[in-house]
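To start, the structure under review is shown below, and the notes come after it.
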Amino acid sequence: MGRKKKELFKVVIPNSLLGLVGLNDSSEVSNYKLAHFISILTHHIYSNYPDGGYYLKKPLTSVYLGTLYNKRYLSEVIVPLKQVGIIEVNESYSTDLGFCKEYGFNKDIIQEVIDEGYTEVYITKNTLINRINEWQRETLSRQIKKYPFIETEADMLLNLSVDTTALEQLYSQRIEDIRQSNEKKKKLAITNATRHREEILQLTEARDLLNARVRYISGRVYHPFVQCPREFRKAVVDEQGQPYEEVDLRSSQAVFLCKVIAVALKHRLITYEFGKQATASDNLIEQIIPLLDEPINVLEQGVYPSDFTAFVSAVFLDDIYEDASPENISQTASIQVGEGIYNVGSTVRVSGAKTLVGEERKEAKEKFFKDIFFNYYNKENYGVEGQLSISSEYLEDFAKTHNTVYEFCRLCALQSKEGKKKSRDLALLLQQTESRFFHELLPSALRGIEPFNYFVVHDALYVPQKHQEAVINACNEEAVKFFGVVPMFR
């Protein structure tokens, strides 16, 4: 009987830490627990750079660490790294609120990873490899019990037709584009592209649902097609070998923001008083969540303030990023003077008119997110030396035009239990609302179409070409129930 082939589990280690993991000539580590933990933090950085929270610490529960490394994980892994300053630990946690301790590298090592100073090595310890694989399977099993829709989506993922030849071509083109580009972090980009290709290929080889690599994290569903390069999704093909088509919701986060504000207003969870800052019920977000499924019309006449109705109209019927761009918002007065026409001071903008395209619209959208959605509102809530102020001229103009939306975002930041990132609670609420619509409510509308496999990427569905129009119609039907108004699915 021959020897069992050695199993290799790839991990990524910053070059300055290679001496800690006991590396041999075959790139195999002997200090496998330390190597795996270091690799988790390394992966957190390069997989989220540059757009994600790569600079934030990684939350890891004591149950997870204890299961993988045994109960001595503190003395064998955490303490040695912390004592020499390699990692920093956010010691605060709350069992009630579901917050666990968070871990991250020091700034120098974070920069080392960003500067592509890392090496791929291998763990060969079967005990740890088996624990990692079993943890992933058990996690999915627990989530399926809690969120039944995950099982359905995992089953569809396993039954997608992936053209592996096309995937290899797309991957090769991606690598060539990276090498020929002006991108400074080429190794980082190639590492991520390779990882995404491997995860998609692993999906095609999965032996059962628990190997589908589906996860529900912070209100969003993740699987191999979520964070991969957009073009890799073209490898999913229909019966005719044609790539799936995308059906996405335009201005999705603004759409869901309208929904949650409308719920808060209808249930009088926010109190507005002229000339003063608005006030909210305690635990505003927690009170909104169980009310999200109630029928509501976000444009119902006589229910909402006129400034909020104008905002909703711009989101659902126009282009909010154009309407609320710095140039337009500085001139806007919320007085409607005709059908689809608003008095905007020195100019008149016709609803639906397009002046921002391409990079200009992208910049306006990013400004909107940064200053309004995910502003920490420290100056507005706490002030500087006791004096309240406003973060930017753009935010001030927005507050004058859409005060209801401004006050809601400010109040969410005020009530946030986050130490620094005060926008996190609102972001999670919007993600949960998005997930509720796309993963739990929409599938019932899609059942009216002949059976087919599809997959969801946040605010978009990927579907066979022949079903695209029917899927858009189903989205519109479900949107009427959820919002009372149809946003734009395209």
Side-chain angles (χ1 to χ4, degrees), residues 219-220 247-266 270 285 288 292 296-300 304-329 332 334 340 342 349 351-357 360-375 377 394-395 397-413 423-438 442 457-460 475-476 478-480 482-490:
R220 274 189 162 169
V247 175
D248 81 316
L249 172 58
R250 189 186 67 172
S251 306
S252 61
Q253 288 190 293
V255 167
F256 292 111
L257 181 65
C258 291
K259 168 75 176 186
V260 299
I261 295 177
V263 169
L265 291 172
K266 190 167 185 178
I270 303 177
I285 286 178
I288 289 173
L292 289 174
I296 199 167
N297 184 336
V298 295
L299 278 176
E300 187 175 350
Y304 309 111
S306 59
D307 68 288
F308 178 65
T309 300
F311 180 81
V312 174
S313 296
V315 171
F316 280 72
L317 310 176
D318 196 356
D319 183 351
I320 185 58
Y321 306 128
E322 169 107 21
D323 193 75
S325 67
E327 181 179 357
N328 284 330
I329 206 73
T332 297
S334 55
Y342 298 84
R349 175 177 178 267
S351 178
K354 297 291 183 184
T355 59
L356 293 181
V357 294
E360 288 185 341
R361 185 180 183 276
K362 180 182 177 183
E363 290 176 1
K365 179 178 178 179
E366 290 174 350
K367 182 74 171 173
F368 183 83
F369 276 81
K370 179 174 179 286
D371 283 41
I372 298 165
F373 268 18
F374 304 130
N375 192 326
Y377 289 94
Y394 173 57
L395 182 61
D397 290 336
F398 182 87
K400 290 175 181 177
T401 308
H402 299 300
N403 185 254
T404 301
V405 177
Y406 161 79
E407 286 290 344
F408 179 83
C409 294
R410 182 190 66 79
L411 287 166
C412 287
S423 63
R424 183 171 183 267
D425 291 1
L426 176 56
L428 291 177
L429 174 63
L430 298 181
Q431 289 177 14
Q432 290 171 5
T433 311
E434 171 193 270
S435 204
R436 178 66 178 150
F437 180 80
F438 279 96
L442 187 55
V457 177
H458 299 328
D459 59 357
C475 289
N476 290 340
E478 195 60 38
V480 170
F482 196 64
F483 304 107
V485 185
V486 179
M488 180 176 288
F489 291 94
R490 53 188 180 178

Hey, does [Y] have a side-chain heavy atom less than 4.5 Å from the side chain of [X]?
X    : Y    : value
F374 : Q253 : yes
F408 : L265 : no
S313 : L299 : yes
K266 : I296 : yes
L442 : C475 : yes
Y304 : I261 : no
H402 : D323 : yes
F256 : L249 : yes

Do you know which two heavy atoms are closest between [X] and [Y], and how far apart they sit?
X    : Y    : answer
V298 : K259 : CG1-CA, 4.2 Å
Y394 : S325 : CE1-C, 4.0 Å
A413 : N375 : CB-O, 4.4 Å
I320 : A254 : CG2-CB, 4.1 Å
F373 : S423 : O-CB, 4.5 Å
S251 : R361 : OG-NH2, 4.3 Å

What distance do [X] atom [atom1] and [Y] atom [atom2] have between them, rounded to the nearest 0.5 Å?
X    : Y    : atom1 : atom2 : answer
C412 : L257 : SG    : CG    : 8.5 Å
S435 : L430 : OG    : CG    : 12.5 Å
D371 : L395 : CG    : CG    : 6.5 Å
E363 : K370 : CD    : NZ    : 13.0 Å
S252 : M488 : OG    : CE    : 14.0 Å
I285 : L429 : CD1   : CG    : 5.0 Å

Donor-acceptor contact below 3.5 Å, side chain [X] vs main chain [Y]:
X    : Y    : answer
N328 : E322 : yes
D307 : N403 : yes
Y377 : I372 : yes

With side chain to side chain contact (heavy atoms under 4.5 Å, CB included) as the test, would you mind laying out the steps for F316 and V486 before giving the verdict?
CA-CA 7 Å; F316 280 72; V486 179; over 6 Å; no
Answer yes or no: is there an ion pair linking R220 with E434, defined by an N-O contact shorter than 4.0 Å?
yes
Measuring centre to centre across the rings, with the benzene-like ring taken for any Trp, is Y321 within less than 6.0 Å of F368?
yes
Y406/F308 under ring pair (Phe, Tyr, Trp, His ring centres under 6.0 Å): CA gap, chis, key distance, verdict
CA-CA 10 Å; Y406 161 79; F308 178 65; over 10 Å; no
